[in-house]
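Here the structure comes first, spelled out in structure tokens, and everything after it is commentary.
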Amino acid sequence: MKKQDVISKYNLPINVEFCKKCTISNQRPRISFDENGVCSACNYAEYKREHIDWEEREKELIDLCNRHRKSNGEYDVIVPCSGGKDGGFTAHQLKYKYGMNPLCVTWAPLKVTEIGHRNRDAFIDAGFGHILGTPNGKVTRKITSLSLKHIGDPFQPFIYGQTNFPLHMAVKYKVPLVMYGENGEVEYGGDMKNAFRPDRDVEDHNGHYFSGLSPEFWLEHGLSETDLKPFMAPKYEEIISNKTEIHFFGHYKFWDPQENFYYCIKNTGFTANPERTEGTYSKYAGLDDRYDGFHFYLGFIKFGIGRATSDSAHEIRDGKITREEGVALVKRYDGEFPQKYFHDFLEYCSISKKEFDEIIDSWHSDHIWRQVDGTWQLKQSVWESDPQSVI
Ligand SMILES: [Zn+2]
């Protein structure tokens, strides 16, 4: 299989550098590092703690709710929510603290886990109207398999739906306000252009979420317009005439995923997994899809950034663990192969183990990996680098 050019595809720096405060490297697409070697997410975490007036932000939220609240029984805010801790926190606060009437919407996981299903049911039972968008299973499988081969990310069809389905529901139910949890670009490292505004442009979707490839790209790969329609955004004119606004709750309320977890245990019937998620140490994040381990594993192959790196980086920023602890967790868990559903996943994608291995090999970039005795090893790791922590 042809070697992929990861550097130019994602516009990555050739020299790998690790943030001096957390565990993330400069290989995360769109992240930036300052002159002191600190990443944009760490700088934002400090800014958010020290410079944002959260009482003022809450007033902005109340104003926003006042502008959108309806008194005729109709839904007045769309909350994308799988029943997990982040959407659960956002929906519960909007409904019970700010008097809104949210319609919660979930784009179905590729293959839901038992615990994901249970948490979603518990969330609905906690008092929420909910719509589940389930696309054609055959088409989803096909896009998953094609995405794995062409862009090294099996999660692309899910990402399309997760981004576009809430917009469809906003247009259909004539609800202009869509409220996401956090802005991942700002909280976890990425394009900082939206760091100081509460909302985002629909125009950013292709670049930020779809790796530059819109659903229409797959027309060239044997899928029809009918197949792809559910994955596409509503017509731009429909989004505009609905006066759709996409906001982030994390702009208005201090965002802390671990606190959201405790909040949802108490308020939405959320339960953590009894076992840790493969590739990381946590038990409470991203529990609902059997195959999301492959999305994270491919991230590890392409960028040298696995699930434990992402989890530890934000827990360091949130003051839950130290950098030293984070580095140890990355060393122990990052890049662990998602073995549990591997066989099912191959069957789901209709590929052999040999084809899978060839795809994985094609995404190993020479600036991150070297081969030693036939096995791939990271050239640079966060545990071997000595960033002289500035914490
Ligand atoms: Zn950092």
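Just so you know, residue 1 is the first one in the sequence shown, and it goes up from there. Atoms within a ligand are numbered from 1 in the order they appear, just like the ligands themselves. All values derive from a computational prediction rather than experimental measurement.
Taking distances strictly below 2.8 Å, the protein N/O/S atoms close to the Zn ion (ligand 1) are C19 SG, C22 SG, C39 SG, C42 SG.
Aromatic rings from F270 and F123 are positioned such that their centres are separated by 6.0 Å or more. Checked against the 6.0 Å centroid threshold, Y297 and W363 do not count as a close aromatic pair. The aromatic ring centroids of F155 and F158 lie less than 6.0 Å from each other.
With 3.5 Å as the limit, one finds no donor-acceptor pair spanning the side chains of D76 and N101.
By the 6.0 Å and 45° rule, R276 does not stack over the aromatic ring of Y281. Annotation: cation-pi pair R141/Y348 present, NZ/CZ under 6.0 Å from the ring centroid and within 45° of its normal.
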